[in-house]
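The structure displayed is predicted, hence computed values, not measured ones. Numbers here are sequence positions counted from 1.
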Amino acid sequence: MDNQDILQRIQALVKEEHELRGGSPADGGGTDPDSGTRLKRVEEDLDQCWDLLRQRRAKADAGENPADADARPISQVESYRQ
């Protein structure tokens with residue numbers, strides 16, 4: 001997976017996140033009880049993708065091979081301080 005693949009994945013996840021957040025019960029959106037669970041998963045996947053992209057860019061800037069970057073576990077990525 002290269003940076004462009006990661007960026008495309010991020011774009012797809014952002015689109016899905018907006019769709020999940022955009023619906024309201026009045027217009028038929030947001031009524032699915034699983035949408036909250038899915039939204040949490042999308043947010044976690046987004047954080048993981050952004051972290052991987054940052055790792056790859058940092059390795060490239062340091063003259064290292066970006067392909068050596070690995071996706072960190074969600075539990076690790078989600079515990080970062082903002």
Going from [atom1] on [X] to [atom2] on [Y], what distance comes out if it is rounded to the nearest 0.5 angstrom?
X	Y	atom1	atom2	value
Cys49	Glu44	SG	CD	12.0 Å
Leu7	Arg9	CG	CZ	13.0 Å
Glu78	Asp51	CD	CG	10.0 Å
Asp45	Glu16	CG	CD	8.5 Å
Arg54	Asp61	CZ	CG	13.5 Å
Glu43	Glu17	CD	CD	5.5 Å

Original post:
Is there side-chain contact between Asp68 and Glu64, with at least one heavy-atom pair below 4.5 Å?
Top reply: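 When only atoms from C-beta onward are counted, Glu64 and Asp68 do not touch, as no gap falls below 4.5 Å.
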Subject >> Heavy-atom closest pair, residues Ala71 and Leu52 >> reply: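 Minimum heavy-atom contact is N-CD1, 3.8 Å.
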Original post:
Can you name the nearest heavy-atom pair linking Gln55 to Asp70, along with the distance?
Top reply: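 Closest approach of Gln55 to Asp70: NE2-O, 3.0 Å.
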Original post:
Under the 3.5 angstrom rule, does the side chain of Arg56 hit a backbone N or O of Pro66 as a donor-acceptor pair?
Top reply: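 At least one qualifying donor-acceptor pair exists.
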**OP:** State plainly whether one hydrophobic cluster holds both Ile10 and Ile74, where clusters connect Ile, Leu, Val, Met, Phe, Trp and Tyr through side-chain heavy atoms under 4.5 angstrom apart.
**Re:**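 Each belongs to a different hydrophobic cluster.
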**OP:** Output, in order, the C-alpha distance, side-chain angles, deciding distance and verdict of side chain to side chain contact (heavy atoms under 4.5 Å, CB included) for Lys59 and Asn65.
**Re:** CA-CA 6 Å; Lys59 285 189 177 291; Asn65 184 354; over 6 Å; no
